[in-house]
Amino acid sequence: MTLLAIENLSLQIGTLPILHDISLTVNAGEIVAITGESGSGKSMTALAVMGLCPDGIQTTGRIVLDGTDILTTPEPALCALRGNEIGMVFQEPMTALNPVLPIGTQVAETIRIHQSVPKAEALRRAAAMLERVGLPPDRFPLNRYPHQLSGGQRQRVVIAMAIALRPKLLIADEPTTALDVTTQAHILTLLQGLAQEFGMGLLMISHDLAVVADVADRIVVMQQGRVVESGPTMAVLRDQTHPYTRALFAASSHQVNLPAPPAPAPLLRVQNVSRSYAQPRRSLFGPRGQTLAVRDVSFTLNHGERLGLVGESGCGKSTLTRAILGLEPVQAGEITLNGAPVWTDRHANLTVRRQMQVVFQDPYSSFNPRHRVDRLITEPFHLLDTPPQGAERWAKIASALADVGLHPSDAHKYIHQFSGGQRQRIAIARALINDPALIVFDEAVSALDVSVRAQVLDLLADLCRKRPLAYLFISHDLAVVRSITDRVLVMQAGQIVELGPTAQVFDAPSHPYTRTLLAASPKLPDFSDRSLTHAP
Amino acid sequence: MTRYVLGRLVSLILSLAVASVVIFSVVEIVPGDPAAYMLGINARPDTLQALRVELGLDAPVQERYVAWVAGMVQGDFGISYTYRTPIAAMIADRVWVSLPLALYALTLSVLIAFPAGVFAASRRGRLGDLGVMGSTQIGVAIPNFWFAMILVMIFAIKLRWFPAGGFAGWDKGLFAGLKSLTLPAFALALPQAAILTRVMRSSLLDMLGEDFIRTARAKGLSRRQALWRHALRNALIPVLTIIGLQFSFLLAGGIVIEQVFFLPGLGRMIFQAISARDLVVVESVVMLLVFLVIMVNFVVDLAYGAVDPRLRTAR
């Protein structure tokens, strides 16, 4: 039975078209996923179904939910629908909850806004719903505040709010993008289970083809505001009739062509490093507790080697990275680069620091918007005793930009004139300009669309073919780490639990935690042997 | 919550201790002789010596500090050199003008700013918003003494609803007291209300753009419900900061308005003490004002704790 039918939906803001002629359906109990890259109109489609589009948009077409056309329904009637007939789960669980209200009140609010039930009764039902999503009241009392919960737990609260009245349709917009892989797996299982149990239609939006392949019955591929392909998941992924679907699939499972690493010669040595942070005092004069973020970590990174570092949030990846970059001292152990310590006498050792650079995750916030590119990428010059001046400086800028596939004239532009992928190239140019021996990539491709990510990964492979570069590649995305690294470190609770050649660790993990991580990580179906697969 | 309150209390006591040391040092230790300063350059040596003994300047510094603090804790602020009367009595008279005036003005400011800010934020970019924002521009720009004189001309001289100046005293009844404070309170409140309205509006608009407002709308709350139930309490946090600052300003900063309305307030008292070089009074009144400001900040901190659960449990 068709629950939601979007018929020829077009949407524009002023004269700027956002969606063109979108049509799709969701049946009761069915999971439909919309996938595509940023700017494809996925989220706007979801907001249109909720009737929550920004002010000043013009729409044509129909969005029919169980016989009601959302686009012609007046606002008060839409308020009665939202939360009651349609629920929605958002991407960012850290900010989706009101920080000043307890979770029980927030879940109960969904009930109280639509039904006149006493507060105690609403709270009782909220408790039952929280229990259903995996937050039993004995461990997660209703008076907990959002900041007392982890990201995954908060997402469960958001889900409990959305399904408290058992809506016919649940919309989940990138519900697991901000979560760790193991948490992601739990949330996806929960959503699937709920859809089945309540006979609820689930419209899921995800940029991650592997997630979509795992959970969706049908998928809708969108590109620049248009539906380019839709159909049963396996059929779409196997046949890939539209070139864009093919490109997405190829980019998602992109394998880079890494040159073989040179013969092992130690570059970075991390020996028995521990780093702890003081906790806030429990009493006025009592001793301060310590949080051991990194405990007794040792490894070696060789010249020209690409080393991966994987682990979930809070495992100590960032602490370790900061220590390696000489941004913070360590309490025990030593970190050396080419035999020289990165931290000497209460400050970072500059002669070592200039041999290391870092590329961060967010290409939008890691640049000063008021500086031109030439100034941005020459920032590492402050590490040099005699920074290049004049023509020599411009030669360096031009060469760094050319190396990352940009034009030297881009040096005169501001950062807002570039796309996310180009910005990440500029970040890499900034890292290259001092000819470092080691570049640390801290989730450097996580914020990029799959096609852009594939290009940046190719660029990284190219660069280490041309220059004697070693990479420390930190990522939660196991597929990316697998394709770009020679060896991989797995961290859990501040310790290295597994270290070995990438292929070996991924194919035959020896530590149970590595096995858990790999099992939780969504994988694209392998259609390399097409004769074995059948349409569902 | 208990831990949070205790933490704030410790900070309050430490602030008071530091403030008292600073004020004492500035007035009594840092270069020059207070007695010489008070008497001027033509003072005779024996008069100077007599004043030194009277002020107790012949005692060691630590002893003087302890005596000063101990005196204040017991309500003894010393004797004014100019008026030869106990400072505590002088302060007591004036605190009962300045404190109610500041509270009155602050109440008016909040009563004007909250509805105006909420109204403007809920009609962002529309005519109502533009009207409120335009009025706040005027409110910030008008000097309060000029506004005070306009109020006097209309409400005291023309309509004769309120007295043009002076303070009736609380012994004539609450109503008479409030009546003589009404025009000054309005004059003080106008610019404060204008500023507070703008803060309230921008803070609310920030909150209305937050993800949890979208979540609330997805639950079925209307725009208005989302604003009242979810945005308002979060928006209060920056507003409380401004209210705290405004109250501190109103306590002592009302001196121009006190002059316009001939009110015997703390602002005038400290101004006169400085003109008369009566350091004993200056020292005590400044300490009292610091005490009041720190108390206000303590109350604001408690209000933060009440509004934001993250502060209560963060430690």
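Naming: A, B, ... by sequence-line order, numbering from 1 per chain. Just so it is clear, the values below take in all heavy atoms, side chains as well, and ignore hydrogens, waters and symmetry mates.
- The shortest heavy-atom contact between A:L149 and A:R154 is O-NE, 3.2 Å.
- Only the side chain of A:L52 has a heavy atom closer than 4.5 Å to any heavy atom of chain B.
- At a threshold of 4.0 Å, the pair A:E131-A:R125 does not count as salt-bridged, since none of the basic side-chain nitrogens sits closer than that to a carboxylate oxygen.
- A donor-acceptor distance shorter than 3.5 angstrom exists from the side chain of A:E174 to the backbone of A:H207, with no hydrogens or angles considered.
- With respect to B:D129 and B:R201, a salt bridge is recorded, a charged nitrogen being found less than 4.0 Å from a carboxylate O.
- Both the backbone and the side chain of A:Q106 come within less than 4.5 Å of a heavy atom in chain B.
- A donor-acceptor pair under 3.5 Å is absent between the side-chain atoms of B:Q225 and the main chain of B:A216, judged by distance alone.
- Here B:R214 is the residue among B:R214, B:E210, B:R233, B:R223 with the most heavy-atom pairs under 4.5 Å with chain A.
- Between the CG atom of A:L16 and the CG atom of A:L11 there is a distance of 10.0 Å, given to the nearest 0.5 Å.
- Neither the backbone nor the side chain of A:L81 comes within contact range of chain B; no heavy atoms are under 4.5 Å apart.
- Ranking A:E109, A:M94, A:Q91, A:M161 against chain B, the residue ahead of the rest is A:E109, based on heavy-atom pairs under 4.5 Å.
- Per-residue heavy-atom pair counts under 4.5 Å with chain B were compared for A:A96, A:A80, A:G83, and the maximum is reached by A:A96.
- Comparing A:I86, A:I171, A:I113 by heavy-atom pairs within less than 4.5 Å of chain B, the highest count is held by A:I113.
- For the options A:V89, A:T110, A:N98, heavy-atom pairs under 4.5 Å to chain B are most numerous at A:N98.
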